[in-house]
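Because only heavy atoms are used, hydrogens play no part in the values below, and waters and symmetry mates are left out as well, while side chains stay in. In listed order, ligands and their atoms are each counted from 1.
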Amino acid sequence: MVQVVIIGGGFAGPVLALSLKKHKISSAIYEVRSKDWEHGGNIALAPNALRVMDSIGLYDEIRSSGFNYQELAFTSGNGHTLGKFLNGSIKEYHYPALRIHRTIVREALRKKVEEVGIPMYYEKKCTKVVGEDDNSATVEFADGEKVTADFVVGADGIHSHVRQFIHPCEPEFSGLMGIMAQVDASELRDIDHGLQLPAMLFGEKGSFAIMPSSFDGKEIGYFATIEQQDRGRDGWAKLETDKDEMAQLLADRFTYNGSTWPEMVRALCEKTPKDTLTSWPFYSVPHMEKFSSPKARVIVIGDSAHAIPPTGGQGAAMALEDASTLAYTLAHSYFPDFQRQYLPQLLEAWEKHRMPRLHQVVDFTTKNGNLRKSSPHYLEQAAKEWVLWTALKMSGETGGAQWMYSYSAEDVKKNIGETGLKTVTTWT
Ligand SMILES: Cc1cc2nc3c(=O)[nH]c(=O)nc-3n(C[C@H](O)[C@H](O)[C@H](O)COP(=O)(O)OP(=O)(O)OC[C@H]3O[C@@H](n4cnc5c(N)ncnc54)[C@H](O)[C@@H]3O)c2cc1C
Ligand SMILES: *[C@@H]1O[C@H](CO)[C@@H](O)[C@H](O)[C@H]1NC(C)=O
Ligand SMILES: *[C@@H]1O[C@H](CO)[C@@H](O)[C@H](O)[C@H]1NC(C)=O
């Protein structure tokens, strides 16, 4: 029997398993999808995400498979530079930012998990947590199998089943969605765009980020953020297969007649091979007071605990930080002189460490999201540009984001302190 059962083999699950392994704790991962499942799209990994990847020995491997950059240029809708913001910095944070295909990261994690001998079972759908007692928790799968372990950790994403055991709730649509794809730079050769890439353009009809996504910078990815009415889970799944409609959504906002977006934006939209278009409705999980069950044997991390919109580029980073900090916490519970009755307090110390940070990141994300919305009036657009310009002027290139990018998961040890350790309770 393994010590920890992990539901979900996305980002948080494998990172937790690999971090636990470093602390000599055994685990197994159960993933609903098949082994060869792939989903398109790129992801940006900020320094705080890369610091976690480094801690499990995977940074060097992924670094050379994506686009490394530090500065992101903010521009107005017509491409005029308003300021620059450091998404990463070797000098400030020891890491640049990395824009990379999601599948490359997943594959690197999968291979590492296999290499170190952590079992990962595919096409295993967890249907519910059966229950917990003082020593263990049990989950059930769609095929009827039940598995018991010391801990059950839900890393099963935004529509989490494990979450229902702790805090039953449904994710809410945020009113924004992303459409993304990539185009080969050779297709764009004749366009004199004058933009410093990567760049984020804030226009009247939404925002448009242009970011290379390959190591050599020759693959140019983009990410359009637009407002949309909720379509429901089935409606969104349908849109994901309807590439024509996605292309039309882009055309209406970025390539209409009389558009003032730079030529580069039009070219990207028009040269996109339609089948590479990917859509992403931004959902968030309602605020949860706790990420662990009453007996602290069932825990949720990553998107299943707190999916946040992508407008701060921190979704994956938060999932990785959760995983790494939880590994320290669970390791503490296996210390020989740890007294089991203190387990709920131990998990509470972990939550107290994570909650304020998550709130701060959500706040940062929401502010960024509001800027990405369309401006109903040109005066509002002018105000938005002015806000961006002055904010960047005042705070400098780091944009006051050191707290976000400098974080180290090991800091959780300070919060945990000596919770539940016998040596301490006998002294006091
Ligand atoms: C298109 C797209 C682009 C993104 N871009 C960025 C970005 O640029 N920067 C950033 O920081 N974040 C980004 N994010 C967000 C980021 O991907 C998530 O925050 C991150 O993947 C969360 O990791 P996770 O492991 O918690 O969840 P997930 O990666 O969603 O993994 C959950 C896993 O659980 C599995 N699962 C679900 N239900 C069950 C079940 N019942 N039983 C077993 N397994 C189950 C799923 O198949 C999945 O593999 C993006 C997300 C999307 C969709
Ligand atoms: C846009 O402009 C082009 C050329 O000026 C014209 O051929 C086309 O019909 C116009 N499209 C719309 C939707 O107005
Ligand atoms: C870079 O910073 C901008 C603005 O703060 C943010 O919207 C974007 O998501 C960030 N990207 C990464 C990779 O952190």
Determine whether the side chains of Lys91 and Gln70 contain a donor N or O and an acceptor N or O closer than 3.5 Å.
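Judged by distance alone, the side chains do not pair up.
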Residue pair Tyr334 / Asp150, side-chain donor-acceptor N/O under 3.5 Å:
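Short answer, yes.
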Whether [X] engages the ring of [Y] as a cation-pi pair (distance to the six-membered ring centre under 6.0 angstrom, angle to the ring normal within 45°) should be assessed.
{"X": "Arg357", "Y": "Tyr407", "result": "yes"}
{"X": "Lys124", "Y": "Phe141", "result": "yes"}
{"X": "Arg297", "Y": "Phe151", "result": "yes"}

Regarding atom 27 (O) of ligand 1: of the candidates Gly10, Ala316, Gly157, which has the closest heavy atom?
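Heavy atom nearest to atom 27 (O) of ligand 1 belongs to Gly157.
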Option of least heavy-atom distance to atom 6 (C) of ligand 1 (set: Asn48, Thr278, Ile43)
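Nearest heavy atom to atom 6 (C) of ligand 1 lies in Ile43.
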Examine the proximity of ligand 1 to [X] and report which part, side chain or backbone, both or neither, has a heavy atom under 4.0 Å away.
{"X": "Arg102", "answer": "side chain"}
{"X": "Arg99", "answer": "side chain"}
{"X": "Arg106", "answer": "side chain"}
{"X": "Phe11", "answer": "both"}
{"X": "Ile7", "answer": "side chain"}
{"X": "Met180", "answer": "side chain"}

Regarding ligand 3, does Gln314 bring an N or O atom to under 3.5 Å of one of the ligand's N or O atoms?
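In this structure, Gln314 places no N or O atom under 3.5 Å from an N or O of ligand 3.
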Geometric N/O contact Ala97 with ligand 3, under 3.5 angstrom:
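In fact, backbone or side chain, Ala97 has no N or O that close.
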Got an N/O contact under 3.5 Å between [X] and ligand 1?
{"X": "Asp303", "answer": "yes"}
{"X": "Ile301", "answer": "no"}
{"X": "Ala12", "answer": "yes"}

Can you tell me if Gly41 contacts ligand 1 (heavy atom of the residue under 4.0 Å from the ligand)?
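Checking ligand 1 against Gly41, which is what was asked, there is no heavy-atom contact under 4.0 Å.
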Ring center gap for Phe254 and Phe208 short of 6.0 angstrom
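So the answer is yes for these two rings.
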Would Phe223 count as a contact of ligand 3 if the rule is a heavy atom under 4.0 Å away?
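Phe223 does not count as a contact of ligand 3 under the 4.0 Å cut-off.
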Per-atom contacts, ligand 3 versus Tyr405 - under 4.0 Å to a heavy atom:
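Contacts of ligand 3 toward Tyr405, numbered from 1: 14 (O).
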As an exercise, identify every atom of ligand 3 less than 4.0 angstrom from a heavy atom of Phe85.
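This gives 2 (O), 5 (O) as the contact atoms.
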Residues Glu321, Arg51: salt bridge by 4.0 Å N-O rule:
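Result for this pair is no, no salt bridge flagged.
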Which protein non-hydrogen atom lies closest to atom 9 (N) of ligand 1, naming both residue and atom, and how far is it?
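Heavy-atom neighbour on the protein nearest atom 9 (N) of ligand 1: Ala44 O, 3.2 Å.
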Closest approach of any protein heavy atom to atom 14 (N) of ligand 1, naming residue and atom:
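The closest heavy atom on the protein side is Trp280 CH2, 3.1 Å.
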